[in-house]
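Below is one structure; the comments refer to it alone.
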Amino acid sequence: MEHAAFQQFVYLFWIPFFPLLGAVYNGLLGSALQRRLGEKWIHAPAIVFPMLSFIITIAGFVKLTGLDPHSRALYCNAWSWLHIGNLNVDIAFWMDPLGAVMAFVVTFVGTLIHIYSIGYMRNDPGYWRFFSYMNLFMFSMLILVLGDNFLMMFIGWEGVGLCSYLLIGFWYKDEKNAVAGMKAFIVNRVGDFGFIIGVFLLFWGLGFSLETFDSSSLATVTSEETHLNSSLVIREIEESLQIESVHEAFTGKKIFGFSLVTLICVCLFVGAMGKSAQIPLYVWLPDAMAGPTPVSALIHAATMVTAGVYMVARLHFLFALSPFAMTWVALFGAVTALYAATIGFFQYDIKKVLAYSTISQLGYMFIGVGVGAFSTGIFHLMTHAFFKGCLFLSAGSIIIGCHHQQDMRKMGGLKTYMPVTRWAYLMACFAIAGFPFFSGFFSKDEILWQAFNSKDMMLPGGGKIIWLLGIVGALCTSFYMFRSYFMTFTGEYSENPHHVPKESPKQMTCVLVILGFLSIFSGFVGMPHLWHVHNLFETWMEPVFESSSSLIASEGYTHTLEWMLMGISVAVAIIGAWVAGWLYKNRENPLPGKLLASKKQIIRIPYNLIYNKYYVDEIYQHTIVWLIMNLRLALDWFDRKIIDQLVDFAGTAGRWLGRFAGYTDEKGVDGAVNATSDMVIFSGLKLVTIQTGKLRNYLGVVLAGAIILVIANYLFF
C-alpha cells in the first residue's frame, strides 16, 4: 500500500540497526580485541551505537511534534519481504507517539545502563560477549516497538526472549545461572505459543469470504478494503476495523460458541503474561536475578518485561472490543500487583526484592491498559523505567561496594560509605511508593483512579475491587521498599569490618544521579487534569488511542471523590514507609527478630507461606514439571518397548522375507534360467558332434534320413 499520509523518515531504520551493528562488531571481533587492545575497544562502540539510536529517536520525536496530531507518524520501508497475493509484509518501521515513547525509553535508559556496565563488568573475561548480547537485546526490543506489522513484532518478541536466555545465564559455568536462563526461555515459550495462536486467529478472523456478508453489505466492500482485511500490518488492521461491515462481521464471529475477538485477546494476553511476568507465568523473573545486575536493570526497566504492556496498548483497538478481555487483563494485573508485593515482605536478597517489585508494578500497568486508560498505563511504564532502573543500578552499586554481597541482613550503615547510591535509591523508593510529587505518584495514582472510575468491567463492582487490590498493593510496596532501604543504609555495617564498603566509580554514580533526578521529576509531564494543568503526556498519546476511546466508558465520579482517593493513596504510602522505618530503621526494634523466632502457628504459617513464595515453584515442580518428566519417561518406555520392538520386528521380518526371496530367486528363477542355459549348452554340445568335416559321414546321415522318410511315408501316409 501507499503511505502518503505518513511522513517518510529514512533514518528510522537506523534506530534498531545501530545496536545490531554493535552486537555484530563485538560478537565477531570482541574476543580478539579484548585480548590484544583492552576493554575500551569493546565498550566504546557498544555505547556509541545505542547513543546514535537515541539521537535519531530524539530527531524523530522532534519531527513528530511538527506534524498534525491526527497524522503524527513517521514511516520507513527498508525493503520488501513477504508478498503473497494480497498479503504484503515488508521490513518496515513506524513511529507514532506510542512508538516514540517506547523507543525513547529503550534507547535512553538502555544507553545509560551500557555506560554503567563499564564499571560493573570491568575485568570480566566475557566482557565482549556481555556487550554484544546487550546491544542485541536493544536491537530486538526496538524491532518489537518500531516494527509496523505482526511479523516484525514477533521477530523482536522472540529476540528479547533469546537475549534474556543469553544474559540471565551469562555466567553459564555456574549451573544455577544456566538453569535460570533455561527457565526464563521455557516459560516464555509457553506464553509465546498463546501469542502465535492469537495472531493466527486474528489473521483468520479478518479474512472474509462471500458467505460472510449478505448482498447489501457485500456491495459496500471495495478491493482496497479486501486488501486491508488480509493484512498483518497493525495500523491497517486498525483501519479495517473502522469499516462498519468488517467490524460487524469480525465481532460477530464465534468459535465453538466463544466470541472470536475475546479468544484472540485472551491468547495474545497469554503471550503478555510470559513476557511481562504475570500470574501464572511470572516464575522466571525472580530467577532472572542470576544474571549481572545491569542485565536485570535492562530487562526490568527498559526492555523485555514492558513488551507485554506495549503489545496490549498497541492493540487497544482489539482489546477495547471485548469487555471480558479487558476485565481479564485488569483483574490479572491487580491480583499480580498484590500477590508479588506481599512476597517482597520477607525477601533478603536485595535483587529479589526488586524483582518482585517489578512483577507488582507491571501489574499496575496492566490495570491501566485493562481499564482502558492506555496512555496512563504507558505513562507508568515510562516512569517505572526511570525509578526501577535507578533501583536496580543502585543495587548493583551496593553489591559491588559490599564485595558482591546481596543479603540485606549483612549490610546496614551504607549511607556513610555510599552517599550518592543512598540518595539515588531513596529517591527511587519515594517514587515507587507513590509519595506526592515523585514520578510514581502521578502515574500510579492515575491508574488507581481510572480503575475505580471504570464502567466496563464484566465483574460486578470490578473497578472497585481492582482499586482495592491496587491500594493494598501500594501499601505493601511502600513497606517492603522502605524496609529494603532501612536494612541497607541505616544502622551499622554488619559484614566483615576488614572490607569497608566504598562508593562506586563515576561511570556508575553519574548514571544513578540522572535516573534519580528523573525518578523525581519525570512525573510532571503527566499531571492529572484534577490539578488544573495541561496533561502533556495524555495529549501526546491521545491520537494513538482515539479509535478505541468511544468504546471506553467511565462512571463519571466527581473530582471530590478523586481527591479523597488520592488522599488514601498518599496515606498508605506514608503508613507503609513509617511502619518499615519503625521496624527496621537502624535495626533497633527487636520486634522483627522476635516475630521470626516465634513458634506460634499464627505467625509461622503466614511467614513460611510468604517466605517460600506461596510454594508456587514447588507446586509447578510437583504438578506440571512432574507430569512432563513422567510423560518423558512414559514416552521413552513407549519408544524403547513399543516403537523399537516394532522396528526390530519389521527388521527381522524383512530379513526373513529377504532370505525367502533370495532362496526363491536362487532356486526358482535362477534355477530355471540356469536349466535353460544348461539345456541349450548340452544340446549344442551334442549337435556340434555332427560337424565332423568328413564327406562320407554327411552322406551317411543324408541316406539315413532318406530311409527314415521313406519308411514314415509308407507307414503313415
Side-chain angles (χ1 to χ4, degrees), residues 11 13-59 103 106-143 159-160 162-174 177 181 291-299 301-304 389 392-393 396-397 399-401 404 502-515:
Y11 302 107
F13 163 77
W14 290 96
I15 295 176
F17 190 68
F18 273 130
L20 180 61
L21 287 178
V24 172
Y25 167 85
N26 275 318
L28 296 179
L29 306 176
S31 180
L33 290 173
Q34 183 174 338
R35 278 195 316 270
R36 298 176 184 178
L37 300 176
E39 294 178 346
K40 182 177 180 180
W41 288 82
I42 303 299
H43 63 244
I47 292 171
V48 169
F49 283 125
M51 192 175 295
L52 291 173
S53 294
F54 171 66
I55 292 171
I56 298 175
T57 299
I58 295 300
V106 175
T107 56
F108 177 67
V109 179
T111 300
L112 291 179
I113 293 171
H114 278 69
I115 295 170
Y116 174 96
S117 299
I118 297 173
Y120 192 91
M121 297 300 294
R122 181 178 291 131
N123 300 324
D124 192 286
Y127 196 76
W128 64 273
R129 188 162 49 90
F130 173 83
F131 278 101
S132 178
Y133 293 165
M134 292 282 277
N135 277 185
L136 187 62
F137 212 147
M138 289 189 62
F139 161 75
S140 299
M141 189 65 187
L142 289 168
I143 287 288
V160 294
L162 170 64
C163 293
S164 68
Y165 163 75
L166 295 173
L167 284 167
I168 293 169
F170 179 76
W171 290 312
Y172 59 88
K173 293 183 179 180
D174 186 335
N177 298 337
T293 302
V295 172
S296 303
L298 190 64
I299 292 176
T303 57
M304 182 170 170
F392 263 110
L393 297 183
S397 177
I399 292 167
I400 292 294
H404 298 281
K502 59 181 180 179
E503 188 60 273
S504 298
K506 288 186 178 180
Q507 305 102 307
M508 299 170 67
T509 55
C510 287
V511 172
L512 297 182
V513 170
I514 294 171
L515 290 175

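Each residue takes its place number in the sequence, starting with 1.
- A donor-acceptor pair under 3.5 Å is absent between the side-chain atoms of Thr107 and the main chain of Ser53, judged by distance alone.
- Of the inter-residue distances, the one linking Ile400 atom CD1 with Glu503 atom CD reads 12.0 Å to the nearest 0.5 angstrom.
- Side-chain atoms of His43 come within 3.5 Å of backbone N or O of Glu39 as a donor-acceptor pair.
- Put simply, the side chain of Ser140 gets close to the backbone of Leu136: a donor and an acceptor are under 3.5 Å apart.
- Closest non-hydrogen pair, Ile42 versus Gly30, comes out as CD1-O, 3.3 Å.
- Taking a 6.0 Å sphere around CZ of Phe13, one finds it holds more than 12 heavy atoms contributed by other residues, nucleotides or ligands.
- Listed for the Asn135 side chain is a donor-acceptor partner under 3.5 Å among the backbone atoms of Ala46.
- When each of Pro505, Cys510, Ser504 is tested with Gln507 by the rule side-chain contact (heavy atoms from CB on, under 4.5 Å), just one qualifies, namely Pro505.
- Here CG of Leu33 is found 13.5 Å from NZ of Lys40. Values are rounded to the nearest 0.5 Å.
- In this structure a side-chain-to-backbone donor-acceptor pair under 3.5 Å is present from Ser132 to Ala23.
- Using cut-offs of 30° and 60° on the angle between ring planes, the pair Phe49 and Phe18 is parallel.
- Across Met141 and Thr303, no two heavy atoms sit closer than the pair CE-O, 3.3 Å.
- Interatomic distance, CZ of Arg129 versus OG of Ser31, reported as 10.0 Å (0.5 Å rounding).
- Here the closest non-hydrogen pair linking Tyr133 and Cys163 is O-SG, 4.3 Å.
- For Trp41, the CH2 atom sits in a loose shell: 12 or fewer heavy atoms of surrounding residues, nucleotides or ligands are nearer than 6.0 Å.
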- Could you please spell out the steps behind the side-chain contact (heavy atoms from CB on, under 4.5 Å) verdict for Val295 and Met134? CA-CA 8 Å; Val295 172; Met134 292 282 277; 4.2 Å; yes
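- If you take CG on Leu298 and OG1 on Thr293, they are separated by 12.5 Å, rounding to the nearest 0.5 Å.
- Checked against the 6.0 Å centroid threshold, Trp14 and Tyr11 do not count as a close aromatic pair.
- When all heavy atoms are compared, the tightest approach of Gly389 to Leu515 is C-CD1, 3.8 Å.
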- Evaluate the criterion side-chain contact (heavy atoms from CB on, under 4.5 Å) for residue pair Ile118 and Ile47; output intermediate values, then yes/no. CA-CA 10 Å; Ile118 297 173; Ile47 292 171; 3.2 Å; yes
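- A donor-acceptor contact shorter than 3.5 Å links the side chain of Gln34 to the backbone of Trp128.
- Heavy-atom minimum distance, Leu142 versus Pro19: CD1-CG, 4.0 Å.
- Counting non-hydrogen atoms of other residues, nucleotides and ligands closer than 6.0 Å to OH of Tyr120 gives a total above 12.
- Side-chain contact check for Leu112 versus Tyr116: every heavy-atom pair is 4.5 Å or farther apart.
- If you take CG on Leu162 and CG on Leu167, they are separated by 9.5 Å, rounding to the nearest 0.5 Å.
- For the pair Asn177 (side chain) and Trp171 (backbone), a donor-acceptor distance under 3.5 Å is present.
- Geometrically, Arg122 does not engage Tyr127 in a cation-pi contact, judged by NZ or CZ lying under 6.0 Å from the ring centre and within 45° of the ring axis.
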